[in-house]
There are 2 protein chains.
Amino acid sequence: MLGVSQSTVSRAFSPTASISEKKRKMVMDAAAKLGYTPNAIARGLISNRSGLVAIALDSESNPMYDLQSRALALEIQRRGGQVVLCPIDKDDLDLAISRAIEYQVDGLIIATSRLTSRAFAQCEKFGVHLSLINRYAEGINANITGIDNQLAGKQAAEYLSRKGHRQLAYVSGDAGSMTSEERWRGFSSTLQALGLPSPIFIQAKYSFEAGLAAASEILGHGMKPDAIFCANDILAMGVMDGLRQKGAVIPQDYAVMGVDNIPMAAWPSYNLTTIAQPIDKIVKRTVEDLMNRINANQDAEGAYLFEEGTLIERGSV
Amino acid sequence: MLGVSQSTVSRAFSPTASISEKKRKMVMDAAAKLGYTPNAIARGLISNRSGLVAIALDSESNPMYDLQSRALALEIQRRGGQVVLCPIDKDDLDLAISRAIEYQVDGLIIATSRLTSRAFAQCEKFGVHLSLINRYAEGINANITGIDNQLAGKQAAEYLSRKGHRQLAYVSGDAGSMTSEERWRGFSSTLQALGLPSPIFIQAKYSFEAGLAAASEILGHGMKPDAIFCANDILAMGVMDGLRQKGAVIPQDYAVMGVDNIPMAAWPSYNLTTIAQPIDKIVKRTVEDLMNRINANQDAEGAYLFEEGTLIERGSV
DNA sequence: ATGAAAGCGCTAACAA
DNA sequence: TTGTTAGCGCTTTCAT
C-alpha cells in the first residue's frame, strides 16, 4: 500500500534501526490508520527473544507477595517486557517452569519457597535467566535480591533494647526458611553483643494462625519475655491477637515487632512497629539486573543484592 | 535421529492427531531423553492461537483482587492456558491491552474499575475474547461474571433486620462503581419492603482510610444508625477501627457487615460478619466460559453469570 | 498412519 | 537508507 518493503516496516518499529525519519513517520501513520501492530509472537520466533518474563509464586495468598509481584509486573512492563504469571500449584514448580519454557520466556523470577534443583537445571539448559527474590540457593546461575535479613534482625534487636526491653523472644517463620533463619541470626547475635539475655526462640510458620498459637506458647513460657520480634507482619498480628485474647495489653505487657510493613500493619487495631521491605528498591534492582543479563545474554555472578529495610515506628513497642 | 518426519513429532504432541501409539511412545521417549519441548511461540504463529490469556487488574493492591487473580491464573493453567499479567498503570488500560494484543492473547479477563470503549473496540478488532469479572458494561462482546451484588445487599438487609436492627446505614464504594450501586439497590429496596426506615447512605471509596472517615461521619450523623453495611470488607474494617477510636463498641453500639470475606475478616480483632465472594465458582465459571468461546471462536452473549454469595456469621453483628 | 512441502509474520544478513 | 532473501519451529493440507 505504501510501496515499501516489509523490512522497512519492521525497521520503523525498531527504535535502533537505521531508517529515515520520513519513512518511519509514513509507516507509523499508516499503521495507526490501519490498526496494525507488530506480532510479538512472530518476532520472538525469529529473534529468539520472546520479551516474556515469568514470575513464579506460591499459590497461597500473602499481602507481601502480592504487593511485590504487582510491582515487579509493573516494572517489567515499563521496561518493555511482558509478564507471565506462574502460581505454583501443589508445589509443582517443575511443571510450571516447563510450561514457561515452552513459551520461551527470557527470564524467570522465583519468589516461591520450595525450590528444586531440577528447576534450576531446566532454566540453565534452556537459557532462561534467573532471579531469586527473598530466597536463597547455593551454586546456581542466578542472582539473589531482597531485604537484608540479618540486618533486619539487628535493627529489631537494637531498637527493642534501646526501648528498654531485656528478655526478648523471636517467633520464627516456617522451619527451614532461610529468610527467617537470617533474621534470627542477626537478632540473636546482636542481643548477645549487647549483653542481653539470650532470646527465647519460638518455632512457628508464616501465617496468622501460627502467630495465634505462638501467643499461647509465649504466655505459658516460664521466662516471661517483654518484647517479641516476629519473622513477619502477618505472624506478628497473629501474636498480637492471640496475646490480647488472653487479656494482655500491647505494648504495656508485651512489645511486638514484625517485618514487611504490609498495609494492614498501619491499621489502628495493630499499629505495628515493623521493618519495611524496600519493595521499590528490590523490584527495580531485580528487574534491572535480570533485564541486563537477558540483553547481554550473560551469566549471573551468584551475587546477593540486598537492600536495607527501614524501621517504621508505630505503637506496638 | 529417529528417522521420522517433523510432522510425526508434531502429531505425537497433539492429543487428537492420528498417529500409532508405538510411534507416539517412541517420539515421547526420545523427547524426554533429549529434553525436547515443543515451542509454544512457533505453534502460536502457525495455529493462530497463542494459548495466552491476559488478566488486567488495577495496580493498587487489594486482598480480594489478589486472591481472585491467583485463582484465575491457577485455573487457566490447569486448563492448559498460560497467563499474562497486566497491571494497569496510571489507568492506562488501552496501552496494556495493546501490549497484550501484540502477544496475540486469545482472551482477556478484565478486573479493573475504569473501562474504556476503546479497549473493547481493540479486543473486538483483534478477535480477543473478553470476560469482565465483577464489572459492568453495556453492549459489548463480553460475558460478565461475579457475585450477585443485588442479592448480597438483600442478604445483608434481611440478616440485619432479623437481628433486630432498625436504623441502618450503607457505606458505599467509589462513586460510580456499579458493584457498590447494586449492593445499595438490593439493600435499600429490601429494607423498604421490610417496612424499615430508609437507610442512611454514606458516600465513600473502596479503601480502609475511607472507612475511617466514614466512621466519623456516622458518629456525627443526627440519625444514629444501629447497624452499618459496608460495600466491602476493607471498608468495613476501616469503619470498625474508626468507630472504636471514638470509644464505640462493636457490635453493642454498632453492628458492622462487609462483603468479600477476605482472610483478615476472620482475624479476632475484626471478626467481621460478611458476605463471602464465591471465588471458586466465579473463577471456574469465568474461565470455562472464556475458554469455550476461545475454542469455538464464538461471540459472547453479553450474559450476566452471577453467583450467590454466602453469609458468614461472625461477631460484628 | 506417515511424509513432503508450504507458510504463519517477522528479523537479519547481505546487496545495492 | 532501502530492498531482497532466507529461515525461526511449528502445524496443516495433500499425497501416498
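Bear in mind the structure is a predicted one, so any value in this text is a computation, not a measurement. We name chains A, B, ... by the order of the sequence lines, and we start the count at 1 in each one.
The side chain of Ser20(A) has dT1(D) as its nearest neighbour among dA4(C), dC10(C), dT1(D).
Val53(B) has its side chain within reach of Ile109(B): a pair of non-hydrogen atoms, C-beta onward, lies under 4.5 Å apart. Contact check for Asp58(A) versus Ser113(A): side-chain heavy atoms found under the 4.5 Å cut-off. Phe306(A) has its side chain out of reach of Asn134(A): every pair of non-hydrogen atoms, C-beta onward, lies at least 4.5 Å apart. In this structure the side chain of Val84(A) never reaches within 4.5 angstrom of the side chain of Tyr103(A), judged on heavy atoms. By the 4.5 Å heavy-atom criterion applied to side chains, Arg78(A) and Asp89(B) are counted as neighbours.
Within 4.0 Å of Val9(A), counting heavy atoms only, lies no atom of the nucleic acid at all.
A pairwise comparison of heavy atoms in Glu60(B) and Arg114(B) identifies OE2-NH2, 3.9 Å as the closest pair. Closest of all the heavy-atom pairs between Cys123(B) and Ile97(B) is SG-CG2, 4.1 Å.
The CZ-C1' distance, from Phe13(B) to dT12(D), rounds to 18 Å in whole Å. With rounding to whole Å, Ile41(B) atom CD1 is found 15 Å from dG9(C) atom P. What separates CZ of Arg11(B) from C1' of dT13(D) is a distance of 10 Å, to the nearest Å. At whole-Å resolution of the value, OH in Tyr103(B) and P in dG9(C) are 17 Å apart. Here the C1' atom of nucleotide dC10(D) and the CZ atom of Arg43(A) are 19 Å apart, to the nearest Å. Atom P of nucleotide dC10(D) and atom CG of Asn48(A) are separated by 12 Å, given to the nearest angstrom. Across the protein-nucleic acid pair, Arg49(B) atom CZ and dC8(C) atom P stand 17 Å apart, rounded to whole Å. What separates CD of Glu102(A) from P of dC10(D) is a distance of 10 Å, to the nearest Å.
At a cut-off of 3.5 angstrom, the base of dA12(C) holds at least one donor-acceptor pair with the side chain of Ser7(A).
Remark: Lys23(A) in residues 22-40 of chain A come within less than 4.0 Å of DNA chain D through at least one heavy atom.
Each end of the helix from dA1(C)-dT16(D) to dA16(C)-dT1(D) gets its own rotation axis from five pairs of C1' atoms, and the angle between them is 30° to the nearest 10 degrees.
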Evaluate the side chain to side chain donor-acceptor pair (under 3.5 Å) criterion for residues Tyr136(B) and Thr179(B): first the C-alpha distance (whole Å), next the side-chain angles of each, then the deciding distance (0.1 Å), finally the verdict. CA-CA 8 Å; Tyr136(B) 296 76; Thr179(B) 50; over 6 Å; no

Protein-nucleotides 6-8 of chain D N/O pairs closer than 3.5 Å?
from: dC8(D); atom 1: O2; to: Ile46(A); atom 2: N; distance (Å): 3.4

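Taking side-chain N and O atoms only, Ser18(B) has a distance below 4.0 Å to OP1 or OP2 of dA1(C). At dG3(D), one or more side-chain N or O atoms of Thr8(A) fall inside 4.0 Å of OP1 or OP2 (strictly under the cut-off).
For Tyr206(B) and Tyr65(B), the ring centers are positioned 6.0 Å apart or more.
Using a 4.0 Å cut-off between charged nitrogen and carboxylate oxygen, Lys25(B) and Glu21(B) do not count as a salt-bridge pair. Under a 4.0 Å N-O distance rule, the pair Arg293(B)/Asp299(B) does not qualify as a salt bridge.
A side-chain donor from one of Asp94(B) and Thr116(B) sits under 3.5 Å from a side-chain acceptor of the other.
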